[in-house]
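Report on one structure; see the data block that follows.
Keep in mind it's a predicted model, so treat the numbers as computed, not measured.
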Amino acid sequence: MRRLVGLTWGLGLLVAVGGCAAAGSVPGGAVPGGAVDGGAVGGDPGRQREAFDERAAEVAGAWRPGPEWSSGYLPLQDATVLTGQPGFDAGTEAAFRAGWYRDQIEMPTAVPADGAIRFPDGALTVPLISAAEAYRQLDQGDPPPCEGRPRGPRPPEPTAGTRPDDPVSTQAACIPLTVTGVTLGTAEVRTSRGVAAVPAWIFTVAELTSPVARLAVAPRSVTAAPEPAAPNRSLPGGVAGADQLRRVDGARLTYTVGMGACDSGPAALVRESDDLVVVGGGVVRGTGECIDLAVLKPVTVTLAAPLGKRPVLDVATGRVLTLTAY
């Protein structure tokens with residue numbers, strides 16, 4: 001397998017070193033958890049389902065969360081949280097995804113008093129970090145320069161007839177987000193104990209229609225996720241692993257599936273119980289020569305019951321999937 005070296009936005013294409021791969025090959029990153037078995041499950045949905053169910057049952061049986069899962073603070077989503085509809089355009093979305101910010105205020109360095117995380121089943125008092133530290137975590141650096149364009153708070157609007165691949169659109173990625181204010185508040189966060197109100201620094205951003213929150217809990221109070229436990233063998237052919245949760249809306253889940261660039265699908269594959277949910281995807285491997293590229297494609301499924309505080313596990317690795325902010 002070739003080594004994966006890059007990540008782009010959109011469908012999350014992972015570009016591999018090298019030219020083309022042999023027929024049916026999948027880059028190592030396409031299935032987060034290892035190689036794909038050459039078993040001839042192929043495009044038979046019934047056999048894909050059977051192979052997935054067998055693997056998912058083993059993943060579920062190996063799930064052993066510690067006591068901290070139900071007594072500590074274990075966030076199951078990014079530490080950067082959108083507090084509402086941000087009103088993204090191409091440039092501001094690119095800046096948010098990359099973590100490009102510039103501050104127009106002096107960030108408070110004082111560490112506030114301990115705060116309370118409020119879970120559905122109780123509260124937990126935790127130490128917090130300063131606004132300056134939260135901003136340091138939020139800001140991931142400066143955008144690359146745009147040739148022939150000065151940096152500004154917002155890219156110019158496309159002119160009539162402009163296509164999405166014209167320079168006026170692609171160059172929007174050079175614009176950082178401008179922070180004009182910060183206050184200490186709370187953000188709703190999915191945790192191992194359900195959705196909780198978590199202390200957060202709320203940053204006002206000039207280019208967005210809602211603030212951006214960065215969780216304020218000190219790292220020493222954050223419980224690590226349990227070590228993943230999956231069968232020590234490759235995935236069955238035609239079954240792909242899941243990468244991340246994109247959306248949770250009651251019983252409706254959207255998550256991404258890793259697959260080869262020339263594979264077709266994916267079909268959502270889910271096994272749920274009262275305690276957890278295991279997800280993956282059914283794919284049909286491409287034939288003929290194909291570029292060595294891995295793609296993350298979203299799928300949506302409706303569970304038999306709202307997800308609640310049940311963890312969502314990847315069928316390939318057994319790891320807990322976290323909810324992203326975008």
Over all heavy atoms of both residues, which pair between [X] and [Y] is shortest? Give the atoms and the distance, please.
| X | Y | value |
| --- | --- | --- |
| Ala213 | Ala187 | CB-CB, 4.1 Å |
| Val295 | Ala261 | CG2-CA, 3.8 Å |
| Leu124 | Gly72 | CD2-C, 4.1 Å |
| Leu128 | Ala113 | CD1-O, 3.4 Å |
| Gly318 | Ala230 | N-CB, 3.9 Å |
| Ala110 | Ser130 | O-CB, 3.4 Å |

Distance in Å, [X] [atom1] paired with [Y] [atom2], rounded so as to fall on 0.5 Å steps:
| X | Y | atom1 | atom2 | result |
| --- | --- | --- | --- | --- |
| Ile129 | Arg220 | CD1 | CZ | 10.5 Å |
| Leu177 | Asp103 | CG | CG | 12.5 Å |
| Arg252 | Arg247 | CZ | CZ | 9.0 Å |
| Leu235 | Arg55 | CG | CZ | 4.5 Å |
| Leu184 | Ile202 | CG | CD1 | 8.0 Å |
| Asp243 | Leu321 | CG | CG | 7.5 Å |

Basic-acidic side-chain contact under 4.0 Å: Glu50, Arg47: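 Not counted as a salt bridge, because no side-chain N and carboxylate O are separated by less than 4.0 Å.
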Test log, rule side chain to side chain donor-acceptor pair (under 3.5 Å), inputs Thr178 and Glu207: CA-CA 7 Å; Thr178 309; Glu207 295 83 2; 2.7 Å; yes
Under 3.5 Å: donor-acceptor pair, side chain of [X], backbone of [Y]:
| X | Y | result |
| --- | --- | --- |
| Glu272 | Ala304 | yes |
| Tyr255 | Gly280 | yes |
| Ser71 | Pro67 | yes |
| Arg193 | Arg190 | no |
| Arg310 | Ser273 | yes |
| Arg49 | Leu269 | no |
| Asp314 | Ala316 | yes |
| Thr209 | Gln85 | yes |

Side chains of [X] and [Y], heavy atoms from C-beta outward: is any pair under 4.5 Å?
| X | Y | result |
| --- | --- | --- |
| Val279 | Val301 | no |
| Met107 | Val179 | yes |
| Ile175 | Thr92 | no |
| Val195 | Pro120 | no |

Over 12 foreign heavy atoms within 6.0 Å of CD, Glu188: no
side-chain contact (heavy atoms from CB on, under 4.5 Å) assessment of Val248 paired with Leu253: CA-CA 5 Å; Val248 176; Leu253 305 184; 4.0 Å; yes
Identify whether [X] and [Y] are in the same connected component of the hydrophobic contact network (ILVMFWY, side-chain heavy atoms under 4.5 Å).
| X | Y | result |
| --- | --- | --- |
| Leu76 | Leu276 | yes |
| Val222 | Phe119 | yes |
| Val111 | Leu138 | no |
| Leu82 | Val198 | yes |

Step-by-step salt bridge (charged side-chain N to carboxylate O under 4.0 Å, His left out) determination, Arg136 to Glu133: CA-CA 5 Å; Arg136 187 191 67 78; Glu133 173 60 20; 2.6 Å; yes
Test log, rule side-chain contact (heavy atoms from CB on, under 4.5 Å), inputs Phe203 and Thr83: CA-CA 10 Å; Phe203 294 96; Thr83 61; over 6 Å; no
Steps toward side chain to side chain donor-acceptor pair (under 3.5 Å) verdict (Arg246, Gln244): CA-CA 6 Å; Arg246 289 286 180 85; Gln244 61 187 207; 2.7 Å; yes
Whether Phe96 and Phe88 hold their rings parallel, tilted or perpendicular, with breakpoints at 30° and 60°: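 Correct class here is tilted.
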Tyr135 and Trp201: CA distance, side-chain angles, deciding distance, side-chain contact (heavy atoms from CB on, under 4.5 Å) verdict: CA-CA 9 Å; Tyr135 180 76; Trp201 288 104; over 6 Å; no
Evaluation steps, side-chain contact (heavy atoms from CB on, under 4.5 Å), between Val189 and Leu215: CA-CA 9 Å; Val189 177; Leu215 301 185; 3.6 Å; yes
